[in-house]
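First up is the structure itself, then whatever we jot down about it.
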Amino acid sequence: MWDYTDKVKEHFLHPRNVGELEGANAVGETGSLNCGDALKLYLKVNENERIIDATFMTFGCASAVASSSALTEIIKGMTLNEAAKLTNDDISDYLGGLPKAKMHCSVMGQSALKKAIADFRGVQILEKPGQIVCECFDVTDLEIIDAVKTNGLETTEDVTDYLKAGGGCGQCLERIEQVIESVKAKG
Amino acid sequence: MNVIYTDNNATTKVADEVIEEMMPYFGELYGNPSSMHTFGDQVGKKVKQARQRVADLINADPDEIVFTSCGTESDNSAIYAAINAFPERKHIITSNVEHPAIKNLFSHLAKKEGYEVTFVPVDKKGQLNTKVLYESMSENTAIISLMWANNETGVIFPIEEVAQKAREKGIVFHTDAVQATGKLDIDVKKTGVDMLSLSGHKIHAPKGIGVLYIKKGFKFTPYLIGGHQEDGRRGGTENTAFIIGLGKACELAKNNLELMNTEVKELRDYLQSQLLEKIAGTTVNGVIDNRLPNTLSIGFDAVEGESILLLLDREGICASSGSACTSGSLDPSHVLVAMEVPFKSAHGTIRFSLSHYNTKDEMDHIITAMVPIIEKLRLMSPFWKDGKMV
């Protein structure tokens, strides 16, 4: 059984801000049914680019629901510029931490938020730079390099925990290992 | 809070009768069954009785029964014995829905020992593709190992038919009967398998005791090399209390077999029909009329298994999910993937596995709990709107 914090459990059992949001003017979607988790984030943003309301719909495990709930609580009242600086660690910290294997749930929150902000600003999120390594979860080598550097990841399992990369068919595990090795080699 | 335990394919309650039977052998009756004194021999006599009881459950001879530490040890012992018996044969066959004890061992043999492995596929109902199996059999095949029944879906494989084909071709046949024992009538003489694994903790004995049945005449080489115990087929001083407990559990299982296939099956069918009726977007996994009587694998569209389990847990209800939601691998279990269960219900698959300790009241409690749980999660799900998938 997962070692969830009381705060994760509480947000899972009593999630805040569930449902579609009437009058939402920004929506960010990430994940899919096939992946095993998905989040649809709705924002109502005022003329000063301040988030005055946020709701979510989530398909996923307890930590995915709790991360979504936490995300909406955190960003309410923030300006879009402030929200844009939010990281997955902020979501995880708000919940008192997530099990390592569940860190991708907080990454999902961050990703949906980015997409919602881009949606409000009418910005097309450009195709990701770099080469796709994990086809199942659409993760590039640059994203893996970034995650490895930022979080000091050491093994393919670490990368899977953070980015889900390698957690599907597993065919890219060798490639992920090469990427990790290349980061290590460069110091 | 009362616990409603419907996770009996994971493990079972140790029967009171089994505990009672074991207790003296933790205490004053601590003798070694191999000893030349009466004090040890009285334990030896109980071990002999246990061996007879196990043999009676599967219609074997007592000297065909070898006690091991668990189902996994039995499986490993069987496979290594077969490949040791035919070192020149470099092909091995199993299915792609096996328990990790077989699946990972076969992958290991492929990777580290250069074996060619055929993983025989199943159809969407979880039924074995025997055509692929029979076509893959050759004089280079060292062993065929198939589970008697699947732990997740309960789907039963045609063991007798495959055993006969294997015999005709002179190929060793092993079956992992860990889930089938105590739920189906197992007759090794009629079926003609060479080796069979079973595990104590699935039939109301404790964890840490298993059995490997080895057909008389099979050229067996031990996996654990050591003393003369188990007629030289498994070294190590006998785990006397657990062996005696397993013997009792096998006696009980034989007596309860009919109950399992009548009353327990009726409870399972009741739970199944009620969940199908009361919750929309619900699918049973596996062929309906050829499953273990106690097992229900059921998928709920647009929701995720772990969430269901945690909410059930709040009601004291124990069950399992069909996905290994660990280390970021959110894929449904290899069994559901092999069956090509659609993602929409695979992620929301729950396994209820019953025992004769369950009651109709408990089924009603589960049904009453499940309806609002699925409703709550679907209210949150971006893939469910107005009573259907979107």
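Residue numbers begin at 1 in each chain, while the letters A, B, ... track the order of the sequences. Only heavy atoms go into these numbers, but all of them, side chains included; no hydrogens, no water, no symmetry mates. This structure is a prediction, so every number in the text was calculated from the model and none was measured.
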Next on the checklist: With a 4.5 angstrom heavy-atom cut-off, is it the side chain or the backbone of B:R378 that approaches chain A, or both, or neither?
Outcome noted: neither

Item to check | For chain B, which residues of residues 38-50 of chain A have heavy atoms nearer than 4.5 angstrom | outcome: A:A38, A:K40

Checklist entry - Which members of residues 14-27 of chain A, sorted by number, sit under 4.5 angstrom from chain B on a heavy-atom basis? => result A:P15, A:V18, A:E20

Does atom [atom1] ([X]) have a neighbourhood of more than 12 heavy atoms from anything else shown, all under 6.0 Å?
| X | atom1 | result |
| --- | --- | --- |
| A:E174 | CD | no |
| B:R314 | CZ | no |
| A:K149 | NZ | no |
| A:K114 | NZ | no |

Do you know which two heavy atoms are closest between [X] and [Y], and how far apart they sit?
| X | Y | value |
| --- | --- | --- |
| A:V65 | B:M380 | CG1-SD, 3.4 Å |
| B:H347 | A:N34 | NE2-O, 3.2 Å |
| B:S307 | A:A62 | OG-N, 3.6 Å |
| A:L33 | B:F343 | O-CB, 4.2 Å |

Next on the checklist: Going by ring-ring contact (aromatic ring centres under 6.0 Å, His included), name the residues that satisfy it together with A:Y94, two or more places apart in sequence or in a different chain.
Outcome noted: A:H11

Next on the checklist: With rounding to the nearest 0.5 angstrom, report the NZ to CE distance, B:K385 to A:M57.
Outcome noted: 7.5 Å

Checklist entry - Roughly how far, to the nearest 0.5 Å, is the CG atom of A:D37 from the CD atom of B:E306? => result 10.5 Å

Item to check | Under 4.5 Å from a heavy atom of chain B, the part of A:S32 involved | outcome: backbone

Checklist outcome for this item: Okay, A:L163 and chain B: the region with an atom under 4.5 Å from a heavy atom over there is neither

Item to check | Closest-packed option against chain B by number of heavy-atom pairs under 4.5 Å, given A:Y162, A:F56, A:Y4 | outcome: A:Y4

Checklist entry - Among all residues two or more places apart in sequence or in another chain, which pass the salt bridge (charged side-chain N to carboxylate O under 4.0 Å, His left out) test with A:D53? => result A:K76

